[in-house]
Number of protein chains: 2
Amino acid sequence: MIRVSIEDVAAKAGVSVPTVSRVISHSSHPVSDTTRQKVLQAVAALDYRPDISAQGLRSSFTNIVALITRDISDPYFGEIARGVTETANKYGILSFVCNTGRNPENEIEYHELLWQYRVKGIILGGGGLTLDSYKKELSSQVERYRKNGNKVVALAPQGLDMDYVMIDNRAAGECITNYLIQKGHEKIAYISGPQNVYTALERLEGYRLAMGRHGLDNGDLMIAYSDNSWKGGYEAVKALLECSPEFTGICCGNDNIAMGVFRALKEHGLTVPGNVSVISIGDLPNASYADTPLTTLRVPLYELGSKAVEIIMGSDTNKYNANIIFRTALRERDSVSRLK
Amino acid sequence: MIRVSIEDVAAKAGVSVPTVSRVISHSSHPVSDTTRQKVLQAVAALDYRPDISAQGLRSSFTNIVALITRDISDPYFGEIARGVTETANKYGILSFVCNTGRNPENEIEYHELLWQYRVKGIILGGGGLTLDSYKKELSSQVERYRKNGNKVVALAPQGLDMDYVMIDNRAAGECITNYLIQKGHEKIAYISGPQNVYTALERLEGYRLAMGRHGLDNGDLMIAYSDNSWKGGYEAVKALLECSPEFTGICCGNDNIAMGVFRALKEHGLTVPGNVSVISIGDLPNASYADTPLTTLRVPLYELGSKAVEIIMGSDTNKYNANIIFRTALRERDSVSRLK
DNA sequence: CATAATAAGGAAAACGATTTCCTTATTATG
DNA sequence: CATAATAAGGAAATCGTTTTCCTTATTATG
């Protein structure tokens with residue numbers, strides 16, 4: 001017998017098929033303790049596991065969660081994905097990781113697939129759709145999920161009414177900017193993520209706020225955009241050095257950008273933190289092993305992914321009750337120095 | 001009508017349900033061209049997509065491929081995962097990414113889950129099982145897959161008889177070592193990946209071979225093991241510098257190790273490539289933006305993952321016909337200098 | 001031309017679970 | 001004590017496909 005089915009378990013336990021189903025799926029239909037024990041023993045003896053396809057077909061949900069991200073090979077999303085997959089695994093279920101590659105059309109297509117696969121929950125990790133297209137295209141998808149009973153959780157503000165798990169990105173941008181200001185810096189540049197990514201814009205907004213509050217915003221803030229990669233950070237700083245090289249500090253939208261910034265500064269003969277202080281947001285696992293150990297604001301990426309799965313698995317209501325803001329914490333290392 | 005089923009399509013096309021099934025699942029049962037067109041039009045008109053659960057239940061395979069890796073947040077595996085997910089997506093199917101976190105027990109548990117989910121194909125990307133435990137535990141799993149008709153492809157030599165897609169790791173280790181030797185280095189250390197990872201050992205073997213062939217192996221080769229991470233590379237070099245600091249070149253098992261090596265050397269006041277030359281295997285996307293642009297042997301990670309999916313999707317035979325060795329290519333950048 | 005082989009399609013069974021509905025025994029309620 | 005409510009379990013329907021089996025019309029074959 002290569003596949004053991006619920007029928008085999010029922011036969012072995014000497015009960016009917018529905019009774020087995022009630023035990024293993026934690027149904028509300030009552031089952032006596034003695035019967036339950038018999039079933040559980042049979043399950044253990046046969047090493048039975050319910051067939052996901054059959055379950056999905058009848059109950060209209062498969063025990064699968066899906067994570068939508070821009071790029072799985074970016075450790076930033078990798079950490080989130082790790083939190084998602086490992087937590088899903090703890091629940092005994094599997095997870096899809098969907099890569100949009102920053103292409104909004106892919107995200108729409110993924111939603112079609114996820115619908116087709118009857119996944120239980122969807123985690124919107126930032127597929128790359130801009131706010132506007134989200135509101136048009138995605139909202140109908142989300143509406144469909146909601147009507148159908150699928151659980152949708154966002155890891156980034158989507159401008160849509162739904163459960164979310166995230167950090168306060170504006171506060172994060174403010175925090176790292178304030179830190180440089182406290183250290184005596186006034187000429188502070190900001191290398192942001194893409195202009196169509198909500199998270200990036202919020203962090204940038206925090207920088208603007210902090211600079212303004214300290215009277216440092218004279219309408220000539222040094223801001224460059226990148227694609228959240230090493231390369232992007234490198235190129236942004238190169239460009240910045242061409243036109244306005246007078247900064248003493250750089251705030252980076254995330255750790256990847258900071259790594260590229262290091263490289264660009266080194267090429268120009270500038271040292272960190274000797275000539276320029278660098279700070280960023282993320283605290284990826286390797287931040288302390290960077291060329292100069294990176295001072296950065298820790299974002300609990302793993303925990304974000306993990307919590308999102310818990311929301312999907314734990315809550316059986318349709319109410320939007322999970323709005324969780326995770327705390328961040330500044331990790332002071334060696335990439336920032338006091339000015340003068 | 002929230003979900004459109006095959007019955008709706010059949011009704012719209014004016015044919016029977018099995019006929020629709022034959023068209024969409026490319027059955028060998030003949031269907032006339034006119035009928036086929038009618039069906040395809042109805043499918044398009046209703047935006048119909050077959051239900052994966054129903055398909056899986058009846059046909060005993062779900063259109064899902066699974067990738068087993070050690071750590072998805074490591075860009076090395078991230079690149080492979082990207083190749084897998086994007087290629088799967090091209091085929092209109094989804095993929096599971098399974099993270100063992102270097103814990104062999106997890107890999108066994110994953111195989112149970114994958115069996116339960118009736119996945120079509122499994123890609124063994126190196127879950128962290130040592131060769132011995134593989135031969136004992138995994139071989140029975142693989143045997144079960146094979147009997148059942150699932151397709152299994154390995155990305156690393158597993159010591160088992162199965163399809164594989166990989167690079168010649170021994171040649172890779174040899175290649176980078178030879179390169180340093182050609183550049184005049186003789187005191188060359190090697191920082192390897194873990195001792196229970198087949199790939200790592202093969203690369204190390206290549207180093208030993210190259211050193212021996214050039215009469216550089218006097219039984220005192222400087223070898224340290226790490227866990228393939230920045231941190232691991234950092235700590236391995238720190239340890240090496242304590243006992244035998246006389247090397248002028250370091251070969252690294254992969255790019256992550258090299259990044260940690262950079263950091264450790266810098267802490268000791270050693271420059272790259274001024275005091276020490278560093279070379280590695282991998283060529284991750286950020287290798288050219290490292291502190292010193294990294295000379296490294298390119299491994300086509302994305303292509304490895306991509307090809308594995310193509311094997312799963314393309315071949316319907318049970319024969320082990322796909323044994324593909326991908327080519328590598330040395331990327332000369334700035335981390336190696338000629339000695340004297 | 002008679003007959004076998006093939007093409008084209010449909011009816012019904014099957015996959016393995018969950019769900020609905022029903023029955024019987026037990027407990028609560030006035 | 002009679003009756004309603006609940007507990008506990010089983011029979012059968014169901015989910016949406018694929019597969020098997022069957023029928024009929026058409027084409028090949030000697």
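Both backbone and side-chain heavy atoms feed into the values below; hydrogens, waters and symmetry mates do not.
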So do the side chains of [X] and [Y] get within less than 4.5 Å of each other, counting heavy atoms only?
{"X": "Lys90(A)", "Y": "Val309(A)", "answer": "no"}
{"X": "Asp47(A)", "Y": "Glu112(B)", "answer": "yes"}
{"X": "Val65(B)", "Y": "Ile122(B)", "answer": "no"}
{"X": "Lys12(A)", "Y": "Asp8(A)", "answer": "no"}
{"X": "Cys98(B)", "Y": "Leu113(B)", "answer": "no"}
{"X": "Ile123(A)", "Y": "Val165(A)", "answer": "no"}
{"X": "Val299(B)", "Y": "Phe326(B)", "answer": "no"}

Item to check | Selection: residues 28-35 of chain A, any non-hydrogen atom under 4.0 Å of DNA chain C | outcome: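 Contacting residues: none.
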Next on the checklist: Near DNA chain C, counting only heavy atoms under 4.0 Å, which residues of residues 51-63 of chain B show up?
Outcome noted: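 By residue number: Leu57(B), Arg58(B).
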Checklist entry - With sequence neighbours excluded, what pairs up with Tyr76(A) under the ring pair (Phe, Tyr, Trp, His ring centres under 6.0 Å) test? => result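 Residues passing ring pair (Phe, Tyr, Trp, His ring centres under 6.0 Å) with Tyr76(A): none at all.
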Item to check | Stem list, DNA chain D (Watson-Crick or G-U pairing under 3.5 Å, at least 3 consecutive pairs) | outcome: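 Stem segments, range with range: C:1-30 with D:1-30.
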Checklist entry - Rounded to the Å, how far apart are Ile24(B) CD1 and dG16(D) P? => result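 Whole-Å distance recorded here is 13 Å.
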Checklist entry - Rounded to the Å, how far apart are Gln116(A) CD and dC15(D) C1'? => result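 In whole Å, dC15(D) C1' lies 16 Å from Gln116(A) CD.
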Item to check | Glu7(A) atom CD, neighbour heavy-atom count above 12 within 6.0 Å | outcome: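 Check fails, neighbour count at 12 or below.
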What pairs of donor and acceptor atoms, side-chain ones from residues 301-308 of chain B against any protein atom, are under 3.5 angstrom apart with sequence neighbours left out?
{"residue": "Tyr302(B)", "atom": "OH", "partner": "Glu86(B)", "partner atom": "OE1", "Å": "2.6"}
{"residue": "Ser306(B)", "atom": "OG", "partner": "Thr87(B)", "partner atom": "OG1", "Å": "2.8"}

Checklist entry - Can you tell me if the side-chain N/O atoms of Tyr117(A) get under 4.0 Å from OP1 or OP2 in dG16(D)? => result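 Checking Tyr117(A) against dG16(D): no side-chain N or O falls below 4.0 Å of OP1 or OP2.
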Checklist entry - Between Arg70(B) and Glu107(B), does a salt bridge (charged side-chain N to carboxylate O under 4.0 Å, His left out) hold up when you go through it step by step? => result CA-CA 9 Å; Arg70(B) 269 191 297 284; Glu107(B) 176 154 5; over 6 Å; no
Checklist entry - Under a 4.0 Å heavy-atom cut-off, which of residues 13-21 of chain A touch DNA chain D? => result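 Those residues are Val15(A), Ser16(A), Pro18(A), Thr19(A).
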Item to check | First of Arg22(B) and Arg118(B) reached from the 5' end of DNA chain C, by closest nucleotide | outcome: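 First, find each residue's nearest nucleotide; the 5'-ward one identifies Arg22(B).
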Checklist entry - What class does the angle between the rings of Phe96(B) and Tyr117(B) fall in, given that below 30° is parallel, 30 to 60° is tilted and above 60° is perpendicular? => result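 Plane angle over 60°, so perpendicular.
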Next on the checklist: As an exercise, state the distance from OG of Ser16(A) to CZ of Arg22(A), rounded to the nearest 0.5 Å.
Outcome noted: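 So the OG of Ser16(A) and the CZ of Arg22(A) are separated by 6.5 Å.
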